[in-house]
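Atoms within a ligand are numbered from 1 in the order they appear, just like the ligands themselves. Residue indices begin at 1 and follow the sequence shown.
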Amino acid sequence: MAVKIIWYGHACFLVDTGDARLLMDPFITDNPLAPIKADEVEADYILVSHGHGDHLGDAVAISKRTGAMVISNYEIQTWVMAQGVEKAHPLHIGGGFDFPWGRVKLTIAHHGSALPDGSYGGNPCGFLLTIQGKKIYHACDTGLFYDMKLIGEEGIDLAILPIGDNFTMGPDDALRAVKLIQPAKVVPIHYDTFDVIKQDPHAWAERVRKETNVQVIVMKPGESIDLG
Ligand code: NI
Ligand code: MN
């Protein structure tokens, strides 16, 4: 069965493996571009990259309603359990774990990670997913770092990269990231949600097409792609 990936705007994706639904960085209620409501979304697992509200989002409420297991770093895992989440799996940077539907490895990300109440959220992270032999790298919130080259050496089928600037990489550095990672496909995210991260994803896509052989997919919130 093909792995299906739906974008809910900003950094939020639903990855449907056929066996499990993985909701990534579920910023839905306060996301002006979200095409769904937090009390409608279904999930078996919720992946949280860092503690900022536009990534942690509705994770606690959705986990409580659906029973979905939260996967995050140790500090956020501890915090969500203190908020009443029943199932949560802690990982940390460089470590991975084989879940029944595939593997999750945490990558570095250069960013912050305070939780909404000011609690320490540990180091922010990105995610490297291996599902049915396909590798998906969701960089989450980060600046450019040269070790993206190491992530690329794993053979990335789909890279998900922020292009918004201000809080994360902007278009120039995201283009450099594509060249370091050399994925088969790339999807730009983390733009237009707020005034300070307005970008033209189609102009960025043109630059990627001109300077690399990578297939760029500019998604609209609610659209999905099948990873063969
Ligand atoms: Ni952030
Ligand atoms: Mn963010």
Pairs satisfying salt bridge (Lys or Arg N to Asp or Glu O under 4.0 Å), at least one member in residues 14-39, at least two apart:
Arg21-Asp44

Listed as residue and atom, the protein N/O/S atoms under 2.8 Å from the Mn ion (ligand 2) are Asp54 OD2, His55 NE2, Asp141 OD2, His190 NE2

Compute the centroid of each ring, for Tyr74 and then for His92, and state whether the two points are separated by less than 6.0 Å.
no

What do you reckon, are the aromatic ring centroids of His89 and Phe99 less than 6.0 Å apart?
yes

So which of His110, His111, His52 actually passes side-chain hydrogen bond (donor to acceptor under 3.5 Å, both in side chains) with Asp141?
His111

Under-2.8 Å protein N/O/S neighbours of the Ni ion (ligand 1), ordered by chain then residue number:
His50 NE2, His52 ND1, His111 NE2, Asp141 OD2

Verdict with reasoning, Arg65 to Glu42, per salt bridge (Lys or Arg N to Asp or Glu O under 4.0 Å):
CA-CA 9 Å; Arg65 177 175 57 79; Glu42 288 302 327; 3.6 Å; yes

Do Tyr45 and Trp101 have ring centres separated by under 6.0 Å?
yes

Residues at least two apart in sequence or cross-chain that pass side-chain contact (heavy atoms from CB on, under 4.5 Å) with Asn31, listed by chain then number, are His10, Phe27, Leu33, Ala34, Thr193

Using 4.0 Å as the upper bound for N to carboxylate O, is an ion pair formed by Lys198 and Asp165?
no

Counting only heavy atoms not in Lys179 (residues, nucleotides, ligands), do more than 12 fall under 6.0 Å from its NZ?
yes

